[in-house]
Amino acid sequence: MDEIVWIRPAGYDPAVQPGTILRPEAALPAFQVLERRLVVMMFNPGHAWEIKPFTQLTLRIVESGAPVTRSP
């Protein structure tokens, strides 16, 4: 597994851009952001379809010891 896609709420932290190294939670490894884009997801939670925007981050795990530039 080389890349991971992480779906976040639309408008997720605008400082997280390609090249950013982030650690989403202390128990997780650090990731480098390879790509950021707005996506729209369509789903049916009940009787009607919903269409909502999200932020898609494509990530790659980085070697331990890399400096983390963003951490929630």
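Just so you know, these numbers use all the heavy atoms, side chains as well, and skip hydrogens, waters and symmetry mates.
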Student: Could you grab the distance from atom OH of Y12 to atom CG of L57, nearest 0.5 Å is fine?
Tutor: 6.5 Å
Student: Of the non-hydrogen atoms in A10 and P53, which two are nearest, and what is the gap between them?
Tutor: CB-O, 3.4 Å
Student: Main chain of V16, side chain of R36: is a donor-acceptor contact present, judged purely on distance under 3.5 Å?
Tutor: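 Checking the backbone N and O of V16 against the side chain of R36, a donor-acceptor pair under 3.5 Å is found.
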Student: Nearest heavy-atom pair of P29 and P24: which atoms, and what distance?
Tutor: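 For P29 and P24, the tightest heavy-atom pair comes out as O-CD, 4.1 Å.
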Student: Give the C-alpha distance, both sets of side-chain angles, the deciding distance and a yes or no for side chain to side chain contact (heavy atoms under 4.5 Å, CB included) between V33 and L59.
Tutor: CA-CA 5 Å; V33 178; L59 309 172; 3.8 Å; yes
Student: Does one hydrophobic cluster hold both I61 and W6, with members joined at side-chain heavy-atom distances below 4.5 Å?
Tutor: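 Yes, I61 connects to W6 through the hydrophobic network.
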Student: Does one hydrophobic cluster hold both I4 and L34, with members joined at side-chain heavy-atom distances below 4.5 Å?
Tutor: no
Student: Give a yes or no on whether the backbone of L38 and the side-chain of T55 come within a donor-acceptor separation of less than 3.5 Å.
Tutor: no
Student: Give me the atom names and distance for the closest heavy-atom approach of L28 to R23.
Tutor: O-NH1, 2.9 Å
Student: Remaining members of W49's ILVMFWY cluster at a side-chain heavy-atom cut-off under 4.5 Å?
Tutor: V40, M42, I51
Student: Calculate, to the nearest 0.5 Å, the distance between atoms CZ and CD belonging to R60 and E35 respectively.
Tutor: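 If we round to the nearest 0.5 Å, R60:CZ and E35:CD are 12.0 Å apart.
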